[in-house]
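Source: prediction; values computed, not measured. Throughout, numbering of the chain's residues begins at 1 and tracks the sequence.
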Amino acid sequence: MIAPVLFVQVLVAVAACLYMAWVLGANSNSPPFAPAIGANAISTMRAAFVIGLLAGAGAVLQGGAISETVGADLIRGVDITATAAIAGLLTAATFMGVGIYTRYPVPAAFATTGAMVGVGLSLGGDPATGTYRRLGTFWALVPIMSGGLAFATATVLRRDDVPETVGVPLLAGLVGAIIANVRLGVLPDPERDQGTIAAFVSWQLGSPSVAGVEVLVPLVSVALGALAFREIRRRIRTSVEDGIRTFLLVLGGIVAFSSGGSQVGLATGPLEHLFRVELGFPGVVLLSIGAAGILAGAWMGAPRLLQATSREYAQLGVRRSIAALVPGFVIAQLAIALGIPISFNNIVLSGVIGGGLAAGSAGVSRRKIGVTLTFWILTLVSSVLLGFGVYRALAVVVGP
(Lines give C-alpha, C1' and ligand atoms only; values in the text may rest on other atoms or scores of the structure.)
Protein backbone atom coordinates (compact mmCIF):
# COMPACT_ATOMS: atom_id res chain seq x y z
CA MET A 1 0.00 0.00 0.00
CA ILE A 2 1.47 3.33 -1.11
CA ALA A 3 1.34 6.15 1.45
CA PRO A 4 -0.91 9.05 0.38
CA VAL A 5 1.97 11.54 0.30
CA LEU A 6 4.11 9.22 -1.83
CA PHE A 7 1.15 8.53 -4.10
CA VAL A 8 0.71 12.24 -4.79
CA GLN A 9 4.45 12.63 -5.34
CA VAL A 10 4.42 9.74 -7.82
CA LEU A 11 1.55 11.30 -9.76
CA VAL A 12 3.31 14.66 -9.95
CA ALA A 13 6.60 12.98 -10.93
CA VAL A 14 4.91 10.98 -13.70
CA ALA A 15 3.20 14.14 -14.97
CA ALA A 16 6.58 15.92 -15.08
CA CYS A 17 8.12 12.92 -16.85
CA LEU A 18 5.34 12.89 -19.45
CA TYR A 19 5.69 16.61 -20.06
CA MET A 20 9.46 16.32 -20.52
CA ALA A 21 8.97 13.36 -22.87
CA TRP A 22 6.30 15.31 -24.78
CA VAL A 23 8.71 18.20 -25.33
CA LEU A 24 11.42 15.78 -26.47
CA GLY A 25 9.03 14.07 -28.86
CA ALA A 26 7.90 17.37 -30.35
CA ASN A 27 11.38 18.86 -30.76
CA SER A 28 14.23 16.35 -30.77
CA ASN A 29 12.66 13.86 -33.18
CA SER A 30 11.81 16.28 -35.99
CA PRO A 31 15.20 16.50 -37.79
CA PRO A 32 15.35 12.84 -38.96
CA PHE A 33 12.35 13.12 -41.30
CA ALA A 34 12.75 16.77 -42.30
CA PRO A 35 15.06 15.91 -45.24
CA ALA A 36 12.58 13.33 -46.56
CA ILE A 37 9.77 15.92 -46.39
CA GLY A 38 11.95 18.49 -48.13
CA ALA A 39 12.63 15.93 -50.88
CA ASN A 40 8.86 15.22 -51.20
CA ALA A 41 9.39 11.59 -50.20
CA ILE A 42 6.68 11.73 -47.50
CA SER A 43 3.98 14.15 -46.33
CA THR A 44 4.30 16.12 -43.10
CA MET A 45 1.42 14.46 -41.27
CA ARG A 46 2.46 10.97 -42.29
CA ALA A 47 6.04 11.75 -41.20
CA ALA A 48 4.81 12.91 -37.77
CA PHE A 49 2.78 9.70 -37.40
CA VAL A 50 5.73 7.48 -38.34
CA ILE A 51 8.13 9.46 -36.15
CA GLY A 52 5.90 8.92 -33.12
CA LEU A 53 5.74 5.16 -33.66
CA LEU A 54 9.44 4.70 -34.38
CA ALA A 55 10.69 7.02 -31.61
CA GLY A 56 8.31 5.38 -29.13
CA ALA A 57 9.57 1.93 -30.13
CA GLY A 58 13.18 3.07 -29.80
CA ALA A 59 12.42 4.47 -26.35
CA VAL A 60 11.14 1.12 -25.07
CA LEU A 61 13.72 -1.07 -26.82
CA GLN A 62 16.87 1.02 -26.32
CA GLY A 63 16.28 3.61 -23.59
CA GLY A 64 17.32 1.60 -20.53
CA ALA A 65 21.06 2.32 -20.46
CA ILE A 66 20.80 6.10 -20.66
CA SER A 67 17.90 6.14 -18.19
CA GLU A 68 20.08 4.33 -15.64
CA THR A 69 22.98 6.76 -16.22
CA VAL A 70 20.78 9.81 -15.64
CA GLY A 71 19.06 8.26 -12.63
CA ALA A 72 21.95 6.60 -10.82
CA ASP A 73 25.39 7.55 -12.16
CA LEU A 74 25.46 11.36 -11.99
CA ILE A 75 25.77 11.61 -8.20
CA ARG A 76 27.23 9.39 -5.48
CA GLY A 77 26.09 8.56 -1.97
CA VAL A 78 22.38 9.45 -2.22
CA ASP A 79 19.25 8.14 -3.94
CA ILE A 80 17.03 10.39 -6.03
CA THR A 81 13.77 10.82 -4.12
CA ALA A 82 10.39 11.62 -5.64
CA THR A 83 10.73 15.30 -4.70
CA ALA A 84 14.25 15.41 -6.15
CA ALA A 85 13.02 13.80 -9.38
CA ILE A 86 10.25 16.40 -9.67
CA ALA A 87 12.75 19.22 -9.09
CA GLY A 88 15.13 17.85 -11.72
CA LEU A 89 12.43 17.35 -14.34
CA LEU A 90 10.87 20.78 -13.73
CA THR A 91 14.28 22.41 -14.07
CA ALA A 92 15.11 20.60 -17.31
CA ALA A 93 11.65 21.26 -18.76
CA THR A 94 12.04 24.98 -17.92
CA PHE A 95 15.23 25.18 -19.94
CA MET A 96 13.59 23.36 -22.85
CA GLY A 97 10.72 25.86 -22.72
CA VAL A 98 13.15 28.79 -22.78
CA GLY A 99 14.86 27.25 -25.81
CA ILE A 100 11.56 26.91 -27.64
CA TYR A 101 10.58 30.50 -26.81
CA THR A 102 13.94 31.98 -27.87
CA ARG A 103 14.21 29.65 -30.90
CA TYR A 104 17.67 28.49 -29.90
CA PRO A 105 18.10 24.72 -29.65
CA VAL A 106 18.70 23.94 -25.99
CA PRO A 107 20.41 20.54 -25.64
CA ALA A 108 18.10 18.44 -23.49
CA ALA A 109 21.04 16.28 -22.40
CA PHE A 110 22.86 19.29 -20.95
CA ALA A 111 19.75 20.64 -19.22
CA THR A 112 18.77 17.29 -17.68
CA THR A 113 22.29 16.31 -16.68
CA GLY A 114 22.94 19.68 -15.05
CA ALA A 115 19.59 19.65 -13.28
CA MET A 116 20.13 16.17 -11.84
CA VAL A 117 23.66 17.02 -10.71
CA GLY A 118 22.33 20.14 -8.96
CA VAL A 119 19.52 18.16 -7.34
CA GLY A 120 21.92 15.45 -6.22
CA LEU A 121 24.31 17.95 -4.68
CA SER A 122 21.37 19.59 -2.91
CA LEU A 123 20.49 16.17 -1.48
CA GLY A 124 23.99 15.98 0.01
CA GLY A 125 25.51 13.66 -2.58
CA ASP A 126 29.06 13.63 -3.88
CA PRO A 127 30.04 14.53 -7.47
CA ALA A 128 30.56 11.51 -9.76
CA THR A 129 33.74 12.93 -11.30
CA GLY A 130 34.48 9.81 -13.33
CA THR A 131 31.08 10.00 -15.00
CA TYR A 132 31.50 13.73 -15.65
CA ARG A 133 34.85 13.13 -17.39
CA ARG A 134 33.31 10.42 -19.54
CA LEU A 135 30.33 12.57 -20.51
CA GLY A 136 32.44 15.68 -21.09
CA THR A 137 34.87 13.82 -23.33
CA PHE A 138 32.08 12.32 -25.43
CA TRP A 139 30.20 15.63 -25.70
CA ALA A 140 33.37 17.42 -26.79
CA LEU A 141 34.00 14.78 -29.47
CA VAL A 142 30.42 14.86 -30.84
CA PRO A 143 30.91 17.95 -33.06
CA ILE A 144 34.21 16.57 -34.34
CA MET A 145 32.77 13.11 -35.04
CA SER A 146 29.50 14.34 -36.51
CA GLY A 147 31.03 17.13 -38.57
CA GLY A 148 33.90 14.93 -39.73
CA LEU A 149 31.67 12.03 -40.77
CA ALA A 150 29.26 14.40 -42.53
CA PHE A 151 32.12 16.11 -44.36
CA ALA A 152 33.58 12.79 -45.51
CA THR A 153 30.15 11.48 -46.55
CA ALA A 154 29.21 14.62 -48.47
CA THR A 155 32.63 14.68 -50.16
CA VAL A 156 32.23 11.10 -51.39
CA LEU A 157 28.69 11.73 -52.64
CA ARG A 158 29.83 14.83 -54.55
CA ARG A 159 32.73 13.16 -56.35
CA ASP A 160 32.24 12.77 -60.09
CA ASP A 161 34.28 9.57 -60.18
CA VAL A 162 31.96 7.88 -57.67
CA PRO A 163 28.79 6.79 -59.52
CA GLU A 164 25.39 7.17 -57.88
CA THR A 165 25.02 3.39 -58.09
CA VAL A 166 28.05 2.99 -55.80
CA GLY A 167 28.25 5.89 -53.33
CA VAL A 168 24.74 5.83 -51.84
CA PRO A 169 24.47 1.99 -51.82
CA LEU A 170 27.79 1.84 -49.94
CA LEU A 171 26.36 4.10 -47.27
CA ALA A 172 23.27 1.91 -47.13
CA GLY A 173 25.52 -1.13 -46.69
CA LEU A 174 27.38 0.55 -43.84
CA VAL A 175 24.09 1.44 -42.13
CA GLY A 176 22.86 -2.14 -42.59
CA ALA A 177 26.00 -3.58 -41.01
CA ILE A 178 25.63 -1.24 -38.02
CA ILE A 179 21.96 -2.20 -37.62
CA ALA A 180 23.07 -5.82 -37.25
CA ASN A 181 24.96 -4.78 -34.10
CA VAL A 182 22.38 -2.45 -32.55
CA ARG A 183 21.26 -3.61 -29.08
CA LEU A 184 17.54 -4.22 -28.71
CA GLY A 185 15.58 -5.09 -25.58
CA VAL A 186 13.51 -7.78 -27.34
CA LEU A 187 16.55 -9.86 -28.29
CA PRO A 188 17.93 -12.17 -25.59
CA ASP A 189 21.64 -12.47 -24.97
CA PRO A 190 23.30 -14.96 -22.61
CA GLU A 191 25.79 -12.35 -21.36
CA ARG A 192 23.98 -8.98 -21.62
CA ASP A 193 20.58 -7.47 -20.91
CA GLN A 194 20.08 -6.61 -24.58
CA GLY A 195 21.11 -8.58 -27.62
CA THR A 196 21.92 -7.70 -31.22
CA ILE A 197 20.69 -9.28 -34.44
CA ALA A 198 24.17 -10.53 -35.28
CA ALA A 199 24.81 -11.94 -31.79
CA PHE A 200 21.34 -13.51 -31.61
CA VAL A 201 21.77 -15.31 -34.96
CA SER A 202 25.25 -16.41 -33.95
CA TRP A 203 23.97 -17.70 -30.59
CA GLN A 204 21.08 -19.59 -32.17
CA LEU A 205 23.36 -21.28 -34.72
CA GLY A 206 25.98 -22.17 -32.13
CA SER A 207 28.81 -20.17 -33.67
CA PRO A 208 32.38 -21.13 -32.71
CA SER A 209 34.57 -18.46 -31.10
CA VAL A 210 38.03 -17.39 -32.20
CA ALA A 211 40.03 -15.22 -29.76
CA GLY A 212 36.82 -14.53 -27.85
CA VAL A 213 34.92 -13.37 -30.95
CA GLU A 214 32.05 -15.40 -32.34
CA VAL A 215 32.80 -16.10 -36.00
CA LEU A 216 29.26 -15.59 -37.25
CA VAL A 217 28.85 -12.09 -35.77
CA PRO A 218 30.94 -10.27 -38.40
CA LEU A 219 29.56 -12.54 -41.11
CA VAL A 220 25.96 -11.68 -40.23
CA SER A 221 26.91 -7.99 -40.15
CA VAL A 222 28.45 -8.19 -43.61
CA ALA A 223 25.45 -10.16 -44.92
CA LEU A 224 22.93 -7.58 -43.68
CA GLY A 225 25.08 -4.79 -45.09
CA ALA A 226 25.26 -6.57 -48.43
CA LEU A 227 21.46 -6.93 -48.54
CA ALA A 228 21.03 -3.20 -47.87
CA PHE A 229 23.63 -2.37 -50.54
CA ARG A 230 21.92 -4.60 -53.10
CA GLU A 231 18.41 -3.25 -52.46
CA ILE A 232 19.34 0.44 -52.64
CA ARG A 233 21.56 -0.19 -55.69
CA ARG A 234 18.66 -1.93 -57.43
CA ARG A 235 16.34 0.99 -56.74
CA ILE A 236 18.90 3.58 -57.88
CA ARG A 237 19.47 1.69 -61.13
CA THR A 238 15.74 1.91 -61.78
CA SER A 239 15.55 5.61 -60.86
CA VAL A 240 18.38 7.62 -59.30
CA GLU A 241 16.17 10.18 -57.58
CA ASP A 242 13.61 7.64 -56.36
CA GLY A 243 16.37 5.36 -55.07
CA ILE A 244 18.06 8.17 -53.15
CA ARG A 245 14.73 9.31 -51.72
CA THR A 246 14.00 5.76 -50.59
CA PHE A 247 17.31 5.60 -48.74
CA LEU A 248 16.66 9.04 -47.25
CA LEU A 249 13.26 7.87 -45.98
CA VAL A 250 14.64 4.65 -44.50
CA LEU A 251 17.56 6.51 -42.94
CA GLY A 252 15.17 9.03 -41.39
CA GLY A 253 13.18 6.19 -39.83
CA ILE A 254 16.30 4.60 -38.39
CA VAL A 255 17.50 7.91 -36.97
CA ALA A 256 14.05 8.59 -35.46
CA PHE A 257 14.17 5.17 -33.77
CA SER A 258 17.66 5.95 -32.44
CA SER A 259 16.51 9.37 -31.29
CA GLY A 260 13.77 7.82 -29.15
CA GLY A 261 16.26 5.42 -27.59
CA SER A 262 18.76 8.15 -26.81
CA GLN A 263 16.28 10.79 -25.59
CA VAL A 264 13.74 8.93 -23.43
CA GLY A 265 16.26 8.43 -20.62
CA LEU A 266 16.37 12.19 -20.14
CA ALA A 267 12.71 12.06 -19.09
CA THR A 268 12.69 8.72 -17.26
CA GLY A 269 16.13 8.75 -15.65
CA PRO A 270 15.16 10.94 -12.67
CA LEU A 271 12.44 8.39 -11.76
CA GLU A 272 14.68 5.30 -11.91
CA HIS A 273 15.11 4.90 -8.13
CA LEU A 274 11.47 5.74 -7.41
CA PHE A 275 10.05 3.19 -9.84
CA ARG A 276 12.57 0.38 -9.60
CA VAL A 277 13.50 0.47 -5.91
CA GLU A 278 10.68 2.17 -3.98
CA LEU A 279 7.78 0.90 -6.12
CA GLY A 280 9.40 -2.28 -7.44
CA PHE A 281 8.29 -1.84 -11.07
CA PRO A 282 10.33 -3.35 -13.93
CA GLY A 283 12.25 -0.91 -16.10
CA VAL A 284 9.95 -1.42 -19.09
CA VAL A 285 7.08 0.24 -17.20
CA LEU A 286 8.99 3.48 -16.78
CA LEU A 287 10.29 3.38 -20.36
CA SER A 288 6.73 2.83 -21.62
CA ILE A 289 5.60 5.99 -19.81
CA GLY A 290 8.41 7.93 -21.45
CA ALA A 291 7.62 6.36 -24.83
CA ALA A 292 3.97 7.40 -24.51
CA GLY A 293 5.04 11.00 -23.89
CA ILE A 294 7.43 10.97 -26.84
CA LEU A 295 4.77 9.49 -29.12
CA ALA A 296 2.21 12.12 -28.06
CA GLY A 297 4.74 14.91 -28.53
CA ALA A 298 5.63 13.69 -32.00
CA TRP A 299 2.00 13.44 -33.08
CA MET A 300 0.86 16.73 -31.55
CA GLY A 301 3.88 19.01 -31.75
CA ALA A 302 6.14 17.72 -34.52
CA PRO A 303 4.11 18.71 -37.66
CA ARG A 304 4.72 22.44 -37.21
CA LEU A 305 8.44 21.98 -36.61
CA LEU A 306 8.68 19.49 -39.46
CA GLN A 307 7.31 22.04 -41.90
CA ALA A 308 9.83 24.62 -40.74
CA THR A 309 12.89 22.35 -40.68
CA SER A 310 11.98 20.63 -43.97
CA ARG A 311 12.37 23.96 -45.77
CA GLU A 312 15.90 24.26 -44.38
CA TYR A 313 16.75 20.71 -45.44
CA ALA A 314 15.23 21.27 -48.89
CA GLN A 315 17.85 24.00 -49.35
CA LEU A 316 20.58 21.53 -48.36
CA GLY A 317 19.55 18.94 -50.94
CA VAL A 318 19.11 15.20 -50.48
CA ARG A 319 22.81 14.30 -50.59
CA ARG A 320 23.87 16.79 -47.93
CA SER A 321 20.84 15.73 -45.90
CA ILE A 322 22.02 12.12 -46.07
CA ALA A 323 25.49 13.27 -45.04
CA ALA A 324 23.97 14.99 -41.97
CA LEU A 325 21.80 12.03 -40.91
CA VAL A 326 24.33 9.18 -41.21
CA PRO A 327 26.52 10.59 -38.38
CA GLY A 328 23.37 11.10 -36.32
CA PHE A 329 22.57 7.40 -36.51
CA VAL A 330 26.15 6.27 -35.83
CA ILE A 331 26.77 8.60 -32.88
CA ALA A 332 23.34 8.01 -31.32
CA GLN A 333 23.87 4.25 -31.33
CA LEU A 334 27.38 4.64 -29.92
CA ALA A 335 26.00 6.83 -27.12
CA ILE A 336 23.24 4.32 -26.37
CA ALA A 337 25.79 1.49 -26.19
CA LEU A 338 27.91 3.52 -23.75
CA GLY A 339 24.91 4.81 -21.75
CA ILE A 340 25.75 8.46 -22.45
CA PRO A 341 22.94 11.06 -22.68
CA ILE A 342 23.36 13.19 -25.79
CA SER A 343 21.70 16.09 -27.57
CA PHE A 344 20.37 15.31 -31.03
CA ASN A 345 20.40 19.03 -31.84
CA ASN A 346 24.16 19.01 -31.24
CA ILE A 347 24.67 16.05 -33.57
CA VAL A 348 22.43 17.30 -36.38
CA LEU A 349 23.77 20.87 -36.29
CA SER A 350 27.35 19.58 -36.44
CA GLY A 351 26.40 17.24 -39.29
CA VAL A 352 24.78 20.06 -41.27
CA ILE A 353 27.89 22.21 -40.83
CA GLY A 354 30.21 19.36 -41.84
CA GLY A 355 28.14 18.57 -44.93
CA GLY A 356 28.04 22.25 -45.81
CA LEU A 357 31.83 22.58 -45.60
CA ALA A 358 32.15 19.85 -48.24
CA ALA A 359 30.22 22.13 -50.60
CA GLY A 360 32.43 25.11 -49.80
CA SER A 361 30.39 26.81 -47.09
CA ALA A 362 28.69 25.71 -43.90
CA GLY A 363 25.37 27.30 -44.83
CA VAL A 364 24.89 28.28 -41.19
CA SER A 365 25.42 31.71 -39.65
CA ARG A 366 28.67 31.92 -37.69
CA ARG A 367 26.99 34.29 -35.28
CA LYS A 368 24.18 31.83 -34.61
CA ILE A 369 26.69 29.01 -34.11
CA GLY A 370 28.57 31.11 -31.55
CA VAL A 371 25.41 32.15 -29.74
CA THR A 372 24.16 28.55 -29.74
CA LEU A 373 27.41 27.21 -28.25
CA THR A 374 27.36 29.92 -25.59
CA PHE A 375 23.73 29.08 -24.86
CA TRP A 376 24.65 25.42 -24.40
CA ILE A 377 27.44 26.15 -21.92
CA LEU A 378 25.20 28.51 -19.96
CA THR A 379 22.49 25.83 -19.95
CA LEU A 380 24.81 23.26 -18.37
CA VAL A 381 26.11 25.59 -15.67
CA SER A 382 22.86 27.37 -14.81
CA SER A 383 20.82 24.14 -14.75
CA VAL A 384 23.07 22.85 -11.96
CA LEU A 385 22.43 25.99 -9.91
CA LEU A 386 18.71 26.06 -10.65
CA GLY A 387 18.28 22.35 -9.89
CA PHE A 388 20.02 22.86 -6.54
CA GLY A 389 17.71 25.76 -5.64
CA VAL A 390 14.47 24.22 -6.93
CA TYR A 391 14.97 21.07 -4.85
CA ARG A 392 15.69 23.11 -1.71
CA ALA A 393 12.51 25.09 -2.28
CA LEU A 394 10.35 22.00 -2.91
CA ALA A 395 11.85 20.16 0.06
CA VAL A 396 10.73 23.00 2.35
CA VAL A 397 7.17 22.92 0.96
CA VAL A 398 6.48 19.20 0.46
CA GLY A 399 9.36 17.51 2.26
CA PRO A 400 12.38 15.57 0.91
Side-chain angles (χ1 to χ4, degrees), residues 29-51 54 146-180 224-259 306-307 309-333 344 347-363:
N29 294 309
S30 298
F33 266 85
I37 295 173
N40 295 319
I42 189 173
S43 67
T44 300
M45 295 307 296
R46 182 173 295 181
F49 178 76
V50 174
I51 286 173
L54 291 175
S146 182
L149 286 172
F151 179 84
T153 302
T155 300
V156 170
L157 293 179
R158 287 173 54 84
R159 290 180 63 92
D160 295 332
D161 57 346
V162 179
E164 299 282 9
T165 54
V166 175
V168 175
L170 279 176
L171 284 176
L174 174 63
V175 171
I178 295 174
I179 289 175
L224 192 56
L227 287 174
F229 175 89
R230 179 183 177 183
E231 179 60 21
I232 296 300
R233 182 182 174 91
R234 181 185 67 81
R235 289 179 178 271
I236 289 179
R237 280 180 168 176
T238 301
S239 170
V240 173
E241 291 304 318
D242 288 346
I244 293 177
R245 286 177 181 176
T246 297
F247 178 55
L248 188 61
L249 190 60
V250 173
L251 183 61
I254 295 170
V255 176
F257 179 88
S258 303
S259 176
L306 281 169
Q307 289 179 341
T309 54
S310 64
R311 288 193 292 269
E312 298 177 3
Y313 275 99
Q315 295 174 358
L316 292 177
V318 292
R319 289 161 184 80
R320 281 175 62 186
S321 296
I322 289 173
L325 289 182
V326 168
F329 165 63
V330 174
I331 295 173
Q333 288 300 328
F344 238 75
I347 297 174
V348 172
L349 178 59
S350 302
V352 169
I353 294 172
L357 289 174
S361 66

Mind checking the OG-CG spacing from Ser258 to Leu54? Nearest 0.5 Å is all I need. 10.0 Å

Please test Ile232 against Val250 for side-chain contact (heavy atoms from CB on, under 4.5 Å), starting from the C-alpha separation and ending with a verdict. CA-CA 10 Å; Ile232 296 300; Val250 173; 5.7 Å; no

Hey, is CZ on Arg46 packed in by over 12 heavy atoms from elsewhere, all under 6.0 Å? no

Of the options Ile178, Leu174, Leu149, which is the one that meets Phe329 in a side chain to side chain contact (heavy atoms under 4.5 Å, CB included)? Ile178

Of all the heavy-atom pairs spanning Ile236 and Pro169, show the shortest one and how long it is. CD1-CD, 3.8 Å

Okay, side chain of Arg233, backbone of Thr165: is any donor-acceptor separation there less than 3.5 Å? yes

What distance separates Arg235 CZ from Ile244 CD1, expressed to the nearest 0.5 Å? 13.5 Å

In the structure I gave you, are the side-chain heavy atoms of Glu164 and Leu157 within less than 4.5 Å of one another anywhere? no

In short, Ala228 meets Gly176 closest at the heavy-atom pair CB-CA, 4.3 Å

Show the nearest heavy-atom pair for residues Val166 and Phe229, with the distance to one decimal. O-CE1, 4.3 Å

Is there a side-chain contact between Val168 and Val240 (heavy atoms, below 4.5 Å)? no

Heavy-atom closest pair, residues Leu251 and Ile322: CD2-O, 4.0 Å

Atom CG in Leu249, atom CG in Asp242: separation rounded to 0.5 Å? 11.5 Å

CA sep, side-chain torsions, deciding dist, call: Leu325, Leu248, side-chain contact (heavy atoms from CB on, under 4.5 Å): CA-CA 9 Å; Leu325 289 182; Leu248 188 61; 4.2 Å; yes

Short side-chain to backbone donor-acceptor contact, Thr238 and Arg234, under 3.5 Å: yes

